[in-house]
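Some notes on the structure that comes next.
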Amino acid sequence: MKVLAIESSCDETAASVVEDGRHILSNVVASQIKTHEKFGGVVPEIASRQHVEAINRVLFKAVEDAKIKPEDIDLVVATMGPGLVGALLIGLSAAKAFAYGIGRKFIGVNHIYGHVCANYITHKNLEPPFVGLIVSGGHTYLIKVNNYVDFELIGRTRDDACGEAYDKVARAIGLGYPGGPIIDRLATEGIESVQFPRVMLEEGSYDFSFSGLKTAVINYIHNKEQRNEEYRVEDIAKSFQNAVIDVLVDKTLRLADELNLNKIVLAGGVSANSGLRSRFEEVAKKDNLEIYYPELSLCTDNAAMIASAGYYVHKRGDYGTRFYANPNLSL
């Protein structure tokens with residue numbers, strides 16, 4: 001079964017053709033990072049305009065790269081949320097029009113489902129159930145994946161998402177946008193010279209909070225600058241990143257133990273973080289756990305993961321008929 005997908009939830013215009021939910025035939029991404037980096041973050045109106053400019057080119061390039069004809073496509077899907085409402089509308093409109101034009105069924109899927117499904121493409125033999133940690137610029141979720149379409153939300157961020165905190169700290173230090181990859185790289189050259197807080201919240205909670213950690217880093221930098229005291233950016237990066245990773249790993253392992261599951265799946269843009277991957281790999285060897293994460297090209301927003309999600313939602317069958325942009329769509 002060949003599924004054509006469009007992803008346009010934020011600042012990537014992407015289209016992909018995936019076969020049977022696991023095999024990529026094409027995966028095209030038009031990034032807007034260069035446009036938004038001058039603003040230190042994504043500007044929704046600009047993102048929407050650039051989606052309009054890129055969508056048809058990306059869509060037909062995906063079909064061409066897959067070496068198929070439009071009529072060979074069995075299903076068309078697109079991200080319906082969460083995300084920027086203007087950006088979502090453009091992807092949904094293009095996908096619906098394309099599906100209508102070739103006489104195929106259309107369904108909308110959850111962007112968060114897609115991030116998890118990226119792992120099915122990288123790891124062909126991966127099957128639920130497992131514990132999922134989804135960490136990105138807009139979302140931080142801890143979930144139990146019961147089957148391909150049944151996700152049980154256990155914990156979520158109460159304020160800043162993990163990747164959002166990375167971007168804000170990077171901006172405070174003057175590192176540029178996006179901040180995650182820059183901080184990750186600098187952390188490999190630093191030492192943990194500052195003990196920033198590990199916010200665990202109330203006992204037994206699986207929720208996250210990164211706003212206080214972000215504020216602690218920014219206040220530390222401001223205090224140093226006001227006193228004309230030097231600090232190493234690499235050490236700040238290392239100290240901040242360790243604080244983030246300690247919380248993510250601790251809560252994920254605790255949930256896996258509570259649920260008696262030995263498979264942990266990472267997803268989302270922050271799953272590309274080398275420090276996070278390294279820590280989980282260390283724990284996996286020690287505690288006999290299986291750790292999965294997508295290949296780097298599938299960590300950030302892409303349409304292949306949306307095609308995979310669409311495939312499994314379609315196989316379920318009871319997905320309804322109302323597919324509209326929902327910027328606050330939850331699991």
Side-chain angles (χ1 to χ4, degrees), residues 2-18 24-70 73 75-102 104 106-111 114-115 117-118 121 136-138 163 167 176-178 180-181 268-269 272 294 296-310 323-327 329:
K2 296 179 179 61
V3 179
L4 170 71
I6 291 178
E7 152 60 25
S8 66
S9 63
C10 191
D11 61 333
E12 264 88 25
T13 312
S16 175
V17 179
V18 173
I24 294 178
L25 302 185
S26 66
N27 193 25
V28 182
V29 180
S31 176
Q32 301 179 17
I33 286 179
K34 291 296 182 184
T35 299
H36 297 285
E37 65 182 5
K38 70 184 76 169
F39 304 106
V42 177
V43 180
E45 176 63 20
I46 295 175
S48 297
R49 290 175 182 272
Q50 293 212 339
H51 282 308
V52 171
E53 295 173 4
I55 190 69
N56 283 343
R57 170 174 52 83
V58 168
L59 174 58
F60 287 102
K61 182 75 162 58
V63 176
E64 179 185 342
D65 287 357
K67 296 180 171 55
I68 60 173
K69 298 176 182 178
I73 295 166
L75 174 70
V76 180
V77 304
T79 303
M80 59 186 290
L84 304 174
V85 64
L88 290 167
L89 281 168
I90 292 157
L92 282 166
S93 299
K96 289 177 180 179
F98 191 85
Y100 183 81
I102 63 173
R104 295 294 186 270
F106 167 83
I107 60 175
V109 298
N110 190 308
H111 180 79
H115 274 306
C117 289
I121 298 172
S136 68
D167 287 338
Y177 172 86
L296 291 177
S297 63
L298 298 179
C299 290
T300 52
D301 293 350
N302 64 88
M305 68 183 196
I306 302 303
S308 179
F323 307 114
Y324 54 90
N326 184 350
L329 184 66

Kindly give the heavy-atom pair with the smallest separation between [X] and [Y], and that separation in Å.
X	Y	result
K2	V17	CB-CG1, 4.4 Å
S136	G269	CB-N, 3.9 Å
C117	S308	CB-OG, 3.5 Å
A87	C10	CB-O, 3.8 Å
A5	A307	CB-N, 3.4 Å
P44	L84	CA-CD1, 4.0 Å

Between the main-chain N or O of V63 and the side-chain N or O of S26, is there a donor-acceptor pair closer than 3.5 Å?
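No: the side chain of S26 does not pair with the backbone of V63.
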In chain order, what residues pass the side chain to side chain donor-acceptor pair (under 3.5 Å) check against S9, with sequence neighbours excluded?
E7, H111
Please, which pairs that meet side chain to side chain donor-acceptor pair (under 3.5 Å) have at least one residue in residues 54-65, sequence neighbours excluded?
K61-D65
Do [X] and [Y] come close enough that some side-chain heavy atom pair is under 4.5 Å?
X	Y	answer
I6	V58	no
V18	M305	no
L75	R104	no
I33	P178	yes
N27	L298	yes
L88	T79	yes

For residues 89-102, run the donor-acceptor check on the side chains, cut-off 3.5 Å, and write out each pair with its distance to 0.1 Å, sequence neighbours left out.
| unit_1 | atom_1 | unit_2 | atom_2 | d |
| --- | --- | --- | --- | --- |
| S93 | OG | L89 | O | 2.7 |
| K96 | NZ | F323 | O | 2.7 |

Considering the options T13, D11, T35, which one meets the side-chain hydrogen bond (donor to acceptor under 3.5 Å, both in side chains) requirement together with Q50?
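That would be T35.
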Atom OG in S8, atom CD1 in I306: separation rounded to 0.5 Å?
9.5 Å
Looking only at side chains, do E12 and T300 share a donor and an acceptor under 3.5 Å apart?
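T300 and E12 do not have a side-chain donor-acceptor pair below 3.5 Å.
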Under the ring-ring contact (aromatic ring centres under 6.0 Å, His included) test, which residues partner H51, sequence neighbours left out?
none
side-chain contact (heavy atoms from CB on, under 4.5 Å) against C299, all qualifying residues, sequence neighbours excluded:
S271, A272, R277, P294
Contacts of type side-chain contact (heavy atoms from CB on, under 4.5 Å), residue K34, not counting sequence neighbours:
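side-chain contact (heavy atoms from CB on, under 4.5 Å) check on K34 returns E37.
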E53/R49 under salt bridge (Lys or Arg N to Asp or Glu O under 4.0 Å): CA gap, chis, key distance, verdict
CA-CA 7 Å; E53 295 173 4; R49 290 175 182 272; over 6 Å; no
